[in-house]
Amino acid sequence: MNKNHDVRNPKFWVPSLYLAQGLPFFAVAIVASQMLKSMGVPNDELNHWTGVIGLAWVFKPLWSPFLELASSKKLVVVGFQILGGVCLGLVALALQAPFWFAASMAMLALVAIASSTHDIACDGLYITSLDEKGQAQYAGWTGTFFNAGKFFTTGALLLLAGHFEKTLGVVPAWTICFGILAGLMLALGAYNSWALPQAKNVIAADITAKAIARTLFEVIVDFLKKPGIWVSIVFIILFRAGEAQVQAIGPLFLREARELGGLGLSTAEVGAVYGTVGTVAFVVGSIAGGYFTSWLGLKRAILWLILAVNLPNVVFYLLSAYQPTELLVIGTALSVEMFGYGFGFVGLILYMMQVVAPGKYQTAHYAFATGIMQLGLVLFKLVSGDIQIAIGYQHFFIWVMLSAVPVAVLSQIIPMSARPQPEDEAVAQPKPAVAKAG
């Protein structure tokens, strides 16, 4: 199971490793927006800033190769967990400043950089420290504990924030919440400094920053020369058109005052519906989507997966039209939406793995594809607030469903398997394993 027999049992470090990956990501992606909403920041402005901060996950492949210069992946992982904890603590302190908005955005940007860099070393340590059997055995653990970060941040933490908003006020509430996140990350960093395997990097004599930069340039050029790559880039970005806008505006719609078209839920109530039943529905949907695609194959399944991501968004239109007050009704509706999101999002992951990544630099090209995927999220998040303010919540959710039409059409006219690479054209027959991977 372990590549090195002197490392600890993965049960002692896989959960803590991936919990530390999830906590800061969801702190930036979801919790920050809820905090800014409570502080009275308009939807357009808060989505502009949190969207720009999310660019850290877009560009992380560009500096990922340089992490090989560190003596071990463990050093990088623990270092950025501790740095992330410190920066989350600085977010809490920034809320006390007269210029709190600029200060907190700067600190959240540092959290994003630390978290995105940690992601690279985290996955690298996992792959390096486990053999193929171990990687398969603990693959489910990685997703479970990453989503445990979502369950805690969007569930328990928002419930706690809602309680403290009522008893202490908005600023003290969010100061406490980001202080808790900081403490958790520092504790995880301390624990992982003991628990993680070393995962030493093999530094050859020719591994220098200059040599890495040259290789990175070659990898980028090879990626951009892939047959049909520009169509693939458009497809990846458009796949997120509807989903990204709903994930940005949906939680804010739940918080918006009823007279302004929202549902008027408290911070704690949003935590109750999104962080509990919503998270569970997303995880169940993801598992079901994987089995569904395995059964049909990507080509036959892709349209159904795109519909699964986008059709459940009709529940947001119905919520905006009827504005129910029963939390059970709202939670049930959001569970349908989150199940569809998890079910259909599998299609994008498999498209990147099976269509975009194959080739000479498969791992690096998959990383580039995930960066493009994040770019799609950022682009549509940036404009979502402006569109919502311009046309209102009801029309916005209709617009979101229409945003899925281009990618649905495109999915039926582009290849859903890897195209032959230029260097492969001279090979008469591909190996069966390559054909299956495509």
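Computed from a predicted model, the values in this text were never measured in an experiment. Counting begins at 1 with the first residue of the sequence.
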Hey, is [atom1] on [X] packed in by over 12 heavy atoms from elsewhere, all under 6.0 Å?
{"X": "Phe12", "atom1": "CZ", "answer": "no"}
{"X": "Arg300", "atom1": "CZ", "answer": "no"}
{"X": "Trp304", "atom1": "CH2", "answer": "no"}
{"X": "Tyr366", "atom1": "OH", "answer": "yes"}

Between the main-chain N or O of [Y] and the side-chain N or O of [X], is there a donor-acceptor pair closer than 3.5 Å?
{"X": "Gln374", "Y": "Leu55", "value": "no"}
{"X": "Ser129", "Y": "Leu125", "value": "yes"}
{"X": "Ser294", "Y": "Gly290", "value": "no"}
{"X": "Lys226", "Y": "Val356", "value": "yes"}
{"X": "Gln323", "Y": "Arg258", "value": "yes"}
{"X": "Asp131", "Y": "Gly134", "value": "yes"}
{"X": "His365", "Y": "Val219", "value": "yes"}

If every non-hydrogen atom of [X] is compared with every non-hydrogen atom of [Y], which pair is closest and at what distance?
{"X": "Ile53", "Y": "Met105", "answer": "CD1-O, 3.7 Å"}
{"X": "Ala301", "Y": "Phe292", "answer": "CB-CE2, 3.8 Å"}
{"X": "Leu108", "Y": "Phe178", "answer": "CD2-CE2, 4.1 Å"}
{"X": "Thr117", "Y": "Trp63", "answer": "OG1-NE1, 3.0 Å"}
{"X": "Thr175", "Y": "Val171", "answer": "OG1-O, 2.8 Å"}
{"X": "Pro324", "Y": "Ile330", "answer": "O-CD1, 3.6 Å"}

Are the side chains of [Y] and [X] in contact, using a 4.5 Å heavy-atom criterion?
{"X": "Met39", "Y": "Val170", "answer": "yes"}
{"X": "Asn47", "Y": "Gln388", "answer": "no"}
{"X": "Leu36", "Y": "Phe101", "answer": "yes"}
{"X": "Phe80", "Y": "Val76", "answer": "yes"}
{"X": "Ser320", "Y": "Phe396", "answer": "no"}
{"X": "Ser16", "Y": "Phe145", "answer": "no"}
{"X": "Phe235", "Y": "Ser411", "answer": "yes"}
{"X": "Thr332", "Y": "Val277", "answer": "no"}

Give the ring-plane orientation class for [X] versus [Y], where under 30° counts as parallel, over 60° as perpendicular and anything between as tilted.
{"X": "Phe253", "Y": "Phe316", "result": "perpendicular"}
{"X": "Tyr341", "Y": "Phe282", "result": "tilted"}
{"X": "Phe368", "Y": "Phe223", "result": "perpendicular"}

Item to check | Steps toward ring pair (Phe, Tyr, Trp, His ring centres under 6.0 Å) verdict (Phe151, Phe146) | outcome: CA-CA 9 Å; Phe151 186 85; Phe146 178 80; over 10 Å; no
Rounded distance (nearest 0.5 Å) linking atom [atom1] of [X] with atom [atom2] of [Y]:
{"X": "Lys37", "Y": "Leu254", "atom1": "NZ", "atom2": "CG", "result": "10.5 Å"}
{"X": "Ser193", "Y": "Lys74", "atom1": "OG", "atom2": "NZ", "result": "6.5 Å"}
{"X": "Ser403", "Y": "Gln245", "atom1": "OG", "atom2": "CD", "result": "4.5 Å"}
{"X": "Ile249", "Y": "Ile387", "atom1": "CD1", "atom2": "CD1", "result": "9.0 Å"}
{"X": "Lys381", "Y": "Glu243", "atom1": "NZ", "atom2": "CD", "result": "11.0 Å"}
{"X": "Leu17", "Y": "Leu188", "atom1": "CG", "atom2": "CG", "result": "9.5 Å"}

Item to check | Salt-bridge present (Glu269, Arg255; N to O < 4.0 Å) | outcome: no
Checklist entry - Hey, are Asp222 and Lys360 close enough for a salt bridge, meaning a charged N less than 4.0 Å from a carboxylate O? => result no
Between [X] and [Y], does any side-chain donor sit less than 3.5 Å from a side-chain acceptor?
{"X": "His118", "Y": "Gln21", "value": "no"}
{"X": "Trp174", "Y": "Gln34", "value": "no"}
{"X": "Gln247", "Y": "Glu337", "value": "yes"}
{"X": "Thr267", "Y": "Glu165", "value": "yes"}

Checklist entry - Would a line drawn from the ring center of Phe25 to the ring center of Trp57 be shorter than 6.0 Å? => result yes
Next on the checklist: What verdict does the side chain to side chain contact (heavy atoms under 4.5 Å, CB included) test give for Lys150 and Ile30, after you've listed the backbone C-alpha separation in whole Å, the side-chain angles of each residue and the deciding distance to 0.1 Å?
Outcome noted: CA-CA 9 Å; Lys150 182 177 184 179; Ile30 298 177; 4.3 Å; yes
Next on the checklist: Checking Asp386 against His48 for the side chain to side chain contact (heavy atoms under 4.5 Å, CB included) test, could you report, in this order, the C-alpha distance in whole Å, the side-chain angles of both residues, the deciding distance, and whether it holds?
Outcome noted: CA-CA 9 Å; Asp386 301 274; His48 289 164; 2.6 Å; yes
Checklist entry - Hey, which of Tyr138, Trp141, Tyr18 is the one that makes ring pair (Phe, Tyr, Trp, His ring centres under 6.0 Å) with Tyr126? => result Tyr18
Next on the checklist: Determine whether Glu256 and Leu263 satisfy the following criterion, side chain to side chain contact (heavy atoms under 4.5 Å, CB included), listing intermediate values before the conclusion.
Outcome noted: CA-CA 6 Å; Glu256 193 70 85; Leu263 296 188; over 6 Å; no
Next on the checklist: What verdict does the side chain to side chain contact (heavy atoms under 4.5 Å, CB included) test give for Leu88 and Leu186, after you've listed the backbone C-alpha separation in whole Å, the side-chain angles of each residue and the deciding distance to 0.1 Å?
Outcome noted: CA-CA 10 Å; Leu88 285 166; Leu186 292 173; over 6 Å; no
Checklist entry - Quick one: which of Val58, Ile349, Ile237 gives a side-chain contact (heavy atoms from CB on, under 4.5 Å) with Met373? => result Ile349
